Amino acid sequence: MAGEVTVEELARRLQAIEQRLGTAPATTDPAQSGLADLDQRLRVIERRLELQEEEAANRAANTPTVTLSAAKGLSVKSPPPGDVELKFKALVQGDGRFYIDDDERPQNDTFLLRRFEPTLEGTWGPLLAFRLQAQLAGDSATVNDAYLDLRFDPRATVRLGRFKVPVGLERLQSSSANAMVEGGLAGELAPSRDLGVQLQGEFGGGALGYQFGVFNGAPDGRDGSTTNPDNDFELAARVFAEPWKNAGNAWSGLGFGIAGTSGDKQGAGNSFLPRYRTPGQVQFFNYRANVVADGEHTRWTPQAYFYRNTFGLLGEYISSKQEVALPTGQRDALDNRAWTLTGGLVLTGEDASYKGVTRPNQPFTVGGAGWGAWELVARYGELDIDEDAFPLFADPASVASHATSWGLGVNWYLNSNFKLVANYTQTQFDDGAPAGADREDEKAFFTRAQFVF
């Protein structure tokens, strides 16, 4: 009958399989093969396949998994259960800085490598996680992050080492996700990174998070020293809530919280007292050279953001109060305050977020239809120096008592890894010039090319 297969044909097919597997017997004449012979040879093939499957499974169980992707960089994961993992990432930012009408206080227009940050992070079993990040931009190599996490529970993780102090909302944001090239005025009153130990955790799938830590103590707007210069410590705490984070409604992108620090500082110089800068990175305030930090330093800051579809808004207010003194015995507790509000709109339809635009819907392609993602941003902020600082602790003829800054910018996300930025910022001052005059306005045009993976 049509379609029937003879024993001889089955033997030929079996012989071809045997030759591929290397199990063919010495005599394999299909015409002389019987059903018993075919059955025996089939059993040999089945056993060979079982051995090969076992060998492949053993090999997979003892072979690390190496992955390389544009979004997540290079990753090496141990064999199952895969609880040892190393990830290599990097951030590179090249800037251009150009100042306009800077006749009274000329600034150098320049190109610079703003950040070059290779990062190694990962896990070492279910308990330990770590992060090591170097800063190779500038004249010398430094360490940004170097910490270890003991992950007892999502609600209770202990972090030890050098990392960002949990205070300023904009400073806690990744440098690759900032809306504008440089931070706003409120960030000048918040500490950056410091050495310490911190208890942190989250509840409700991230709807509520907290951090509480003890640190050496960093000045406003700067990193802390590599050691504790005054033998005093600083407490820092933060609570941040996103009540509707997992609800999938119009309020899912709302987050708000409060943070603060408290501690003593005793000493003179940049490790203790702040130097405030504009968004154009020009210093506009510092204390007189003979002023020392001498007592309690407290900060507190309410903060919030809201992201809904293509729209994003971030704001924070911060107060930094420091007891200062002069060698002649005069002393005061000076309370400097600042606030910043930043808004953005993604013109190409992607979702705005605290992490920036993470993936354009249509990445830019040369000669193609994709043009990436485009975002317009605007920012306004003020920084006010305590009026009691003048003229005893600060010189109104050389430093400003108040700064007001606004800026406009455009961010072009060509793809998930490459972004081009252009910003214009203008800052106005009260005081800061001889004879009671105001310091001239700062007008700055900044550009950035950013590569991250």
Side-chain angles (χ1 to χ4, degrees), residues 165-171 184-192 194 196 212-225 228-239 257-278 283-303 316-340 381-404 429-432:
V165 182
V167 178
L169 184 60
E170 191 177 51
R171 284 197 174 273
L185 289 174
E188 285 298 294
L189 274 64
S192 186
D194 202 2
F212 177 79
V214 182
F215 299 87
N216 284 344
D220 292 353
R222 300 294 193 275
D223 292 335
S225 301
N228 189 354
D230 61 357
N231 202 34
D232 286 313
F233 291 102
E234 187 170 72
L235 301 178
R238 180 175 185 256
V239 177
I258 189 167
T261 67
S262 179
D264 285 349
K265 285 186 173 64
Q266 309 283 341
N270 298 331
S271 296
F272 303 95
L273 292 174
R275 298 162 293 155
Y276 297 139
R277 297 170 299 184
T278 67
Q283 182 175 311
F284 71 91
F285 175 82
N286 60 274
Y287 290 101
R288 294 184 185 271
N290 58 347
V291 177
V292 298
D294 188 32
E296 187 178 18
H297 182 203
T298 59
R299 305 182 185 93
W300 67 277
T301 168
Q303 52 196 236
E316 58 185 325
Y317 171 92
I318 185 166
S319 163
S320 177
K321 187 174 184 179
Q322 171 70 63
E323 293 183 357
V324 297
L326 289 169
T328 51
Q330 296 97 329
R331 57 184 302 111
D332 207 335
L334 302 177
D335 189 2
N336 302 327
R337 304 188 175 201
W339 63 274
T340 297
E382 297 185 17
L383 193 157
D384 187 57
I385 306 298
D386 192 321
E387 62 180 13
D388 291 339
F390 303 96
L392 196 59
F393 301 99
D395 182 5
S398 61
V399 299
S401 63
H402 184 88
T404 301
F429 306 95
D430 292 344
D431 302 317

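Just so it is clear, the model here is predicted, and its values are computed rather than measured. What's counted below: heavy atoms across the whole structure, side chains too, no hydrogens, waters or symmetry copies.
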[atom2] on [Y] to [atom1] on [X], rounded to 0.5 Å:
{"X": "L169", "Y": "T340", "atom1": "CG", "atom2": "OG1", "result": "10.5 Å"}
{"X": "T328", "Y": "N290", "atom1": "OG1", "atom2": "CG", "result": "7.5 Å"}
{"X": "Y317", "Y": "E382", "atom1": "OH", "atom2": "CD", "result": "11.0 Å"}
{"X": "F429", "Y": "T404", "atom1": "CZ", "atom2": "OG1", "result": "9.5 Å"}
{"X": "R337", "Y": "L383", "atom1": "CZ", "atom2": "CG", "result": "12.0 Å"}
{"X": "F284", "Y": "R275", "atom1": "CZ", "atom2": "CZ", "result": "13.0 Å"}

Flag, side chain of [X] to backbone of [Y], donor-acceptor distance under 3.5 Å:
{"X": "E170", "Y": "A186", "value": "no"}
{"X": "N228", "Y": "D232", "value": "yes"}
{"X": "D384", "Y": "H402", "value": "no"}
{"X": "Q322", "Y": "P219", "value": "no"}

So do the side chains of [X] and [Y] get within less than 4.5 Å of each other, counting heavy atoms only?
{"X": "L273", "Y": "V324", "value": "yes"}
{"X": "L334", "Y": "F393", "value": "yes"}
{"X": "E323", "Y": "D332", "value": "no"}
{"X": "I318", "Y": "W339", "value": "no"}
{"X": "V399", "Y": "Y287", "value": "no"}
{"X": "F212", "Y": "P166", "value": "no"}

So does [X] pair up with [Y], basic N to acidic O under 4.0 Å?
{"X": "E234", "Y": "R299", "result": "yes"}
{"X": "R222", "Y": "D220", "result": "no"}
{"X": "K265", "Y": "D294", "result": "no"}

For a side-chain contact (heavy atoms from CB on, under 4.5 Å) check, start with the C-alpha distance between L326 and V291, then their side-chain angles and the critical distance, and finish with the verdict.
CA-CA 5 Å; L326 289 169; V291 177; 3.6 Å; yes
Where do [X] and [Y] come nearest, in terms of heavy atoms and distance?
{"X": "K321", "Y": "A333", "result": "CE-CB, 3.7 Å"}
{"X": "S262", "Y": "T298", "result": "OG-CG2, 3.9 Å"}
{"X": "L185", "Y": "G381", "result": "CD1-O, 3.6 Å"}
{"X": "R171", "Y": "G187", "result": "NE-O, 2.7 Å"}
{"X": "D386", "Y": "D335", "result": "OD2-N, 2.8 Å"}
{"X": "R277", "Y": "G221", "result": "NH2-O, 3.7 Å"}

Show your working on side-chain contact (heavy atoms from CB on, under 4.5 Å) between E387 and S401 and close with a plain yes or no.
CA-CA 7 Å; E387 62 180 13; S401 63; over 6 Å; no
Does the separation of the ring centres of F233 and F215 fall below 6.0 angstrom?
no
For R238 and T261, what are the C-alpha separation, side-chain angles and deciding distance, and is it a side-chain contact (heavy atoms from CB on, under 4.5 Å)?
CA-CA 9 Å; R238 180 175 185 256; T261 67; over 6 Å; no
Can a donor-acceptor pair be found between the side chains of H297 and S320 at a distance below 3.5 Å?
yes
Donor on one side chain, acceptor on other, N336 and Y276, under 3.5 Å:
yes
Kindly indicate, with the supporting measurements, whether the criterion side-chain contact (heavy atoms from CB on, under 4.5 Å) is fulfilled by I258 and T301.
CA-CA 6 Å; I258 189 167; T301 168; over 6 Å; no
